[in-house]
Amino acid sequence: MADKGVTPRSEDYSRWYTEVVQKAELADYTPVKGCMVIRPYGYALWENIQTALDGRFKETGHVNAYFPLLIPMSFLQKEADHVEGFAPELAVVTHGGGKELDEPLVIRPTSETIIGHMYSQWVRSYRDLPLLINQWANVVRWEMRTRLFLRTTEFLWQEGHTAHATQEEAEEETERMLGVYADFAINEAAIPVIQGKKSDREKFAGAVASYTIEAMMGNGWALQSGTSHFLGQKFARAFDIKFLNQENETDYAWTTSWGLSTRMVGAIIMAHGDDQGLVLPPRLAPHQVVIVPIWRKDEERSTVMALADQVFQTLKAGGVRVRLDDRDEVSAGFKFNDWEMRGVPLRIEIGPRDVEQNAVVFARRDMPGKPGKTFGVPVDGIVAAVQDALRVIQADMLARATTFRDENTHEVSSYDEFRAMLESKGGFVRVFWDGSGEDEDRIKDETKATIRCFPFEMPDEEGVCFYTGRKTRRIAIFARAY
RNA sequence: CGGGGCGUAGCGCAGCCAGGUAGCGCACUUGAAUGGGGUUCAAGUGGUCGGAGGUUCAAAUCCUCUCGCCCCGACCA
């Protein structure tokens, strides 16, 4: 097993993850420390993520633009919390054209500063607002430890930056975009994320409030999969984004920012992968269907390939992302395993016996082996049959991930219980919380668990804080996190 | 940056303790037989043993330094 598949997750989740990424040919490390190359298959997945998100951004009135990679160091320093948060992980350019620069340039770790600077020049009147811009870009953060997709020195993401005339509007935008992320995660990536607010300890450097979608990975750890920040007027004051309101008074704009990165690829891998490797949700999979023809003799080959090609053309014309694996040099069994490692949601097997019946065999990636197989699927109506199957797979993946998350979410009422739970079962721990930031730090030191969020969905009842014993209405979700 | 581990063919490893002219599996090439779950057999290609210095008649092996990677911590989308 171990010699031909990936390491079972129970043995070593970290190794399992790296092996899945590499066997699926999603990405590799490069000679530059902590930097990853996203291989064509991994990039195709990212492109589908981009398309799904970008469509939602357009629907909510946003437009794309591009801001530069290099930012003057002084810009970073204008917002005190922001520079404090990012200073340790900045990559700095000190030379250009063979000379030392008068002022060092920072490779953007995020673009609030340069965009804030430009917004200050673009905004004069309330009529210029809201400004709703997104950019697809790369950013660099000099992290100490890296992991493919989850934390790399350079990563790809989108970052939305908006400016509004009123606090209410900016707060609405912050929540709207978190909702867009949650909708994407649930309906495209089949990951049942929890929406909530970050604790002060965990919020974005420079934000007034940060919101997050938190996903549970296969080992019970949490992964922050997208964030949306309400920046108040902090950046507007730092970058002088002022406008005249309807009363002809000067006011600072209210800004937001929100981002989702290639880390989402890591989330998909860890939320759905199994011992055979990657399992991709149909809506994002680069290939939704792979057709594997099976034959023994040359005369069989021609009839099998004729039907395989016919099915391929029909599906393609029907808008299905389909691939025909017509390689001669490897066996059918090899191809099965090959595409399983790559997570293709649905495999269509076509052999001589199927040709006789003018039918095919479906094999679901999310249900390996016999249970996921359907024999004798008629070629007539194949497009609808495939689309149905893909819909079912998508829905089942979400349902399975939701069940997994719920089964691994526990409630405790005392700190002893809390520690025991993290030791024995892990996962998310849902508690009443009325502690301080210092309490949070102490818990992190002692258990490695942090507050992932204060979920939006809270029961309308009062409870006792598991740590302080005080009465509170606030719920927190604690977990170990990537 | 602290603690642990590892650098030998594209990948995974053995050889090192007890120095003696570099090996295995996978992959790759060629040929044949196979073909409904990672086929089999045969013949091949491919290596500055991470780098530098030292000890020695002789270093993958011993010594010193150095570079890099992985895992665990601190940091984090």
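Lettering of chains follows the sequences in order, A, B, ..., and the numbering in each one begins at 1.
- A cation-pi geometry, defined here as NZ or CZ lying under 6.0 Å from the six-membered ring centre and within 45° of its normal, holds between A/R347 and A/F336.
- With a cut-off of 3.5 Å on both Watson-Crick or G-U wobble distances, the partner of B/A18 is given as none.
- Of the candidates A/I382, A/D354, A/V386, A/V377 forms a side-chain contact (heavy atoms from CB on, under 4.5 Å) with just one, namely A/I382.
- When heavy atoms are screened at a 4.0 angstrom cut-off, A/S228 is found touching no nucleic acid atom at all.
- Separation of the P atoms belonging to B/U29 and B/G3 is 47 Å when rounded to the nearest angstrom.
- Whole-Å rounding puts the A/K23 NZ to B/C26 P distance at 14 Å.
- Within 4.0 Å of A/D28, counting heavy atoms only, lies no atom of the nucleic acid at all.
- With both pairing distances under 3.5 Å, B/U34 is matched to nothing as a Watson-Crick or G-U wobble pair.
- Residue contacts for A/G259: at a heavy-atom cut-off of 4.0 Å it reaches no nucleic acid atom on any strand shown.
- The interatomic distance linking A/E143 (CD) with B/C1 (P) rounds to 17 Å, in whole Å.
- B/A43: Watson-Crick or G-U partner is B/U29, with both key distances under 3.5 Å.
- Between A/F456 and A/Y211, the ring planes lie tilted relative to each other; the angle falls in the 30° to 60° range.
- A/M217 places its CE atom 13 Å from the C1' atom of B/A77, with the value rounded to the nearest Å.
- Of the nucleotides present, none pairs with B/U48 by Watson-Crick or G-U wobble criteria with both distances under 3.5 Å.
- In this structure, A/W339 places its CH2 atom 19 Å from P of B/G36, rounding to the nearest Å.
- A/E349 comes within 4.0 angstrom of a base, heavy atoms only.
- In this structure a side-chain-to-backbone donor-acceptor pair under 3.5 Å is present from A/T262 to A/L156.
- For the pair A/L156 CG and B/A77 C1', the computed distance is 12 Å after rounding to whole Å.
- Here A/K448 reaches the OP1 or OP2 of B/G73: one of its side-chain N or O atoms lies under 4.0 Å away.
- Taking atom P in both B/G25 and B/A9, the straight-line distance is 15 Å, to the nearest Å.
- When distances run from any side-chain atom of A/N337 to the nucleotides B/A77, B/G37, B/G36, the shortest one goes to B/G37.
- If A/K444 and A/S331 are placed on RNA chain B by their nearest nucleotide, the residue sitting closer to the 5' end is A/S331.
- In the set B/C72, B/G37, B/A77, the nucleotide with an atom closest to the side chain of A/S14 is B/C72.
- Rounded to whole Å, the C1' atom of B/A42 lies 46 Å from the corresponding atom of B/G4.
- Only the C1' atoms considered, B/A60 is 12 Å distant from B/A14, to the nearest whole Å.
- When Watson-Crick and G-U wobble pairs are counted only if both distances are under 3.5 Å, B/A58 pairs with no nucleotide at all.
- Base pairing analysis places B/G2 opposite B/C72; the two distances defining the Watson-Crick or G-U wobble pair are each below 3.5 Å.
- Residue A/L223 is classed as having no contact, given no heavy-atom separation below 4.0 Å to the nucleic acid.
- Remark: aromatic rings of A/W433 and A/F478 are close, center separation under 6.0 Å.
- One donor-acceptor pair, N or O on each side, does fall under 3.5 Å between the base of B/G37 and the side chain of A/R347.
- The interatomic distance linking A/E356 (CD) with B/G36 (P) rounds to 16 Å, in whole Å.
- Here the nucleotide nearest the side chain of A/R353, chosen from B/G36, B/G37, B/C75, is B/G36.
- Between A/F334 and B/G37, no base-stacking contact is recorded for ring centres under 5.5 Å apart and planes less than 30° from parallel.
- Nearest-nucleotide positions on RNA chain B place A/V361 closer to the 5' end than the other of A/T146 and A/V361.
- Straight-line distance between the P atoms of B/A22 and B/G47: roughly 13 Å, to the nearest whole Å.
- A/Y66 contributes no side-chain N or O that, together with a main-chain N or O of A/W136, makes up a donor-acceptor pair within less than 3.5 Å.
- Considering only side-chain N and O atoms, A/R480 lies under 4.0 angstrom from the phosphate OP1 or OP2 of B/G73.
- Across all their heavy atoms, A/F230 and A/A170 have their closest contact at CE1-CB, 3.7 Å.
- When both distances must be under 3.5 Å, the Watson-Crick or G-U wobble mate of B/C24 is B/G12.
- Remark: the separation of the P atoms in B/C65 and B/C28 is 43 Å, to the nearest Å.
- For the P atom pair drawn from B/G51 and B/G44, the interatomic distance equals 29 Å after rounding to whole Å.
- The P atoms of B/G10 and B/G2 are separated by 33 Å, rounded to the nearest whole Å.
- A/R301 has its CZ atom 17 Å from the C1' atom of B/G36, to the nearest Å.
- With hydrogens and angles disregarded, no donor-acceptor distance shorter than 3.5 Å links the side chain of A/Y41 to the backbone of A/A24.
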